Amino acid sequence: MQLGLIHMGQRLKQILKQRKIKIVDFARMAGFTNQIAHYHLRKSDMKRSTLERFCTLIGISSDEFYNWNNKVVPKAGKGQVPTIAHHGQRFTELIEEKGLNKSKLARRLDMSRRTMYNLFDKAVFDPLELETVTKALEITETAFLHPNAVEDTRIADSEEMLALREKYYKLLEEYNQLLKQHNALKETMDTFKKDIVQLRKQVRSKKV
């Protein structure tokens, strides 16, 4: 089917409806307001990069978009890739699957444990949250959103690489601890130096 024969916005709206994805949820996934989502749904055309991004979010390929058959409602059957409905639950499953320490993961995410636990209850991550989580888990956004995709869910899945990463984070923690101790000792030494200078002044003043 040629591009000129497709109203891109209407086709996207049709696919969202058949995949039971609410427009407000699609807007959250894409990282923009509900109003902007409706703007895209009204457009007869869109950039290729925009289309590919939308297709990734809803779990289809651009070819499937162009050749969508409205008589068949995809239900994540054979040959189809389901889209994760609840991002927080997927996040929790991946943590358990990878056997990650939640305290260390929170530090890797650069957030408190409370903030990380709040993500577990969140149905849809915004783009920044999705990027942060996938980087910390060392998987792609596609692997997070579509777990049954052909793409491997690990960027580096060898046990040796995983062990090296854990060793790196452990050494980094030890380094930060030593750095704190060094700074504390430096402050103590500076205090001693000041005290010695004061004592010398007092001794000299008594001699005079």
Side-chain angles (χ1 to χ4, degrees), residues 24-36 49 53 56-57 84-147 149 151-208:
V24 64
D25 291 334
F26 170 71
R28 289 198 195 100
M29 293 165 67
F32 44 59
T33 64
N34 196 36
Q35 184 178 0
I36 296 298
S49 58
R53 179 167 176 263
T56 297
L57 289 174
I84 288 298
H86 196 288
H87 292 178
Q89 290 178 1
R90 170 65 171 161
F91 185 23
T92 305
E93 290 169 1
L94 285 168
I95 292 172
E96 294 176 355
E97 179 186 317
K98 292 171 176 285
L100 299 174
N101 179 287
K102 291 180 180 178
S103 295
K104 291 182 179 179
L105 180 60
R107 286 195 291 271
R108 209 182 294 183
L109 289 164
D110 194 23
M111 62 179 62
S112 66
R113 280 173 62 97
R114 181 183 293 275
T115 302
M116 183 179 73
Y117 279 109
N118 288 339
L119 288 177
F120 297 160
D121 297 323
K122 194 166 185 178
V124 180
F125 293 168
D126 63 41
L128 180 59
E129 290 169 339
L130 183 60
E131 180 184 359
T132 302
V133 166
T134 52
K135 281 185 177 179
L137 294 173
E138 296 177 333
I139 63 173
T140 64
E141 292 184 10
T142 300
F144 182 93
L145 295 170
H146 317 299
E151 178 186 17
D152 192 350
T153 58
R154 292 183 188 272
I155 293 175
D157 59 355
S158 73
E159 292 183 3
E160 183 181 359
M161 286 299 295
L162 290 172
L164 286 172
R165 274 197 295 274
E166 286 301 317
K167 186 176 181 181
Y168 165 75
Y169 288 120
K170 184 178 180 181
L171 288 172
L172 187 60
E173 288 177 14
E174 291 176 355
Y175 168 78
N176 289 332
Q177 203 64 30
L178 288 171
L179 188 60
K180 288 179 181 178
Q181 293 175 7
H182 169 77
N183 290 335
L185 286 171
K186 187 175 181 298
E187 289 178 4
T188 302
M189 289 298 295
D190 289 341
T191 302
F192 284 161
K193 287 178 181 179
K194 289 178 181 178
D195 290 343
I196 290 171
V197 170
Q198 288 296 326
L199 286 170
R200 284 177 177 173
K201 287 182 178 179
Q202 291 175 11
V203 171
R204 285 174 185 171
S205 62
K206 288 180 178 180
K207 285 183 179 180
V208 173

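Computed from a prediction, not measured in an experiment: that's the story for all the values here. Just the heavy atoms: all of them, side chains too, but no hydrogens, waters or symmetry mates, feed the values below.
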Report summary line: Across all chains, not counting sequence neighbours, the salt bridge (charged side-chain N to carboxylate O under 4.0 Å, His left out) partners of K186 are D190

Check [X] against [Y] and note the closest heavy-atom contact, atom names and distance.
X    : Y    : result
L105 : A136 : CD1-CB, 4.0 Å
M29  : L57  : CE-O, 3.0 Å
F125 : H87  : N-ND1, 2.8 Å
R53  : A30  : NH2-O, 2.5 Å
V133 : L119 : CG2-CD1, 4.1 Å

Return the [atom1] to [atom2] distance between [X] and [Y], rounded to the nearest 0.5 Å.
X    : Y    : atom1 : atom2 : answer
F120 : T92  : CZ    : OG1   : 4.5 Å
K102 : R108 : NZ    : CZ    : 14.5 Å
Y175 : L179 : OH    : CG    : 5.0 Å
Y117 : F91  : OH    : CZ    : 10.5 Å
D126 : F32  : CG    : CZ    : 13.0 Å
K135 : E141 : NZ    : CD    : 9.0 Å

Query raised in the report: K194 and T191: side-chain contact (heavy atoms from CB on, under 4.5 Å), yes or no, with the steps?
Result: CA-CA 5 Å; K194 289 178 181 178; T191 302; 5.8 Å; no

Within the structure provided, determine whether [X] and [Y] are in side-chain contact (heavy-atom separation under 4.5 Å).
X    : Y    : answer
D195 : Q198 : no
L100 : L137 : yes
N118 : M111 : no

Query - Crowding at CD, Q181 (>12 non-hydrogen neighbours, <6.0 Å) - result: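 Yes, CD of Q181 has more than 12 neighbouring heavy atoms, counting only those of other groups under 6.0 Å.
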
Requested in this report: Output every pair passing salt bridge (Lys or Arg N to Asp or Glu O under 4.0 Å) with a member in residues 171-183, not counting sequence neighbours, ordered by first then second residue.
Outcome: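 Output for this query lists R107-E173.
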
Report task. Could you check H86, E129, Q89 and say which one makes a side chain to side chain contact (heavy atoms under 4.5 Å, CB included) with K122? Result ->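 Between K122 and the candidates, side chain to side chain contact (heavy atoms under 4.5 Å, CB included) is satisfied uniquely by E129.
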
Query raised in the report: Any sub-3.5 Å donor-acceptor pair from R113's side-chain atoms to A106's backbone N or O?
Result: no

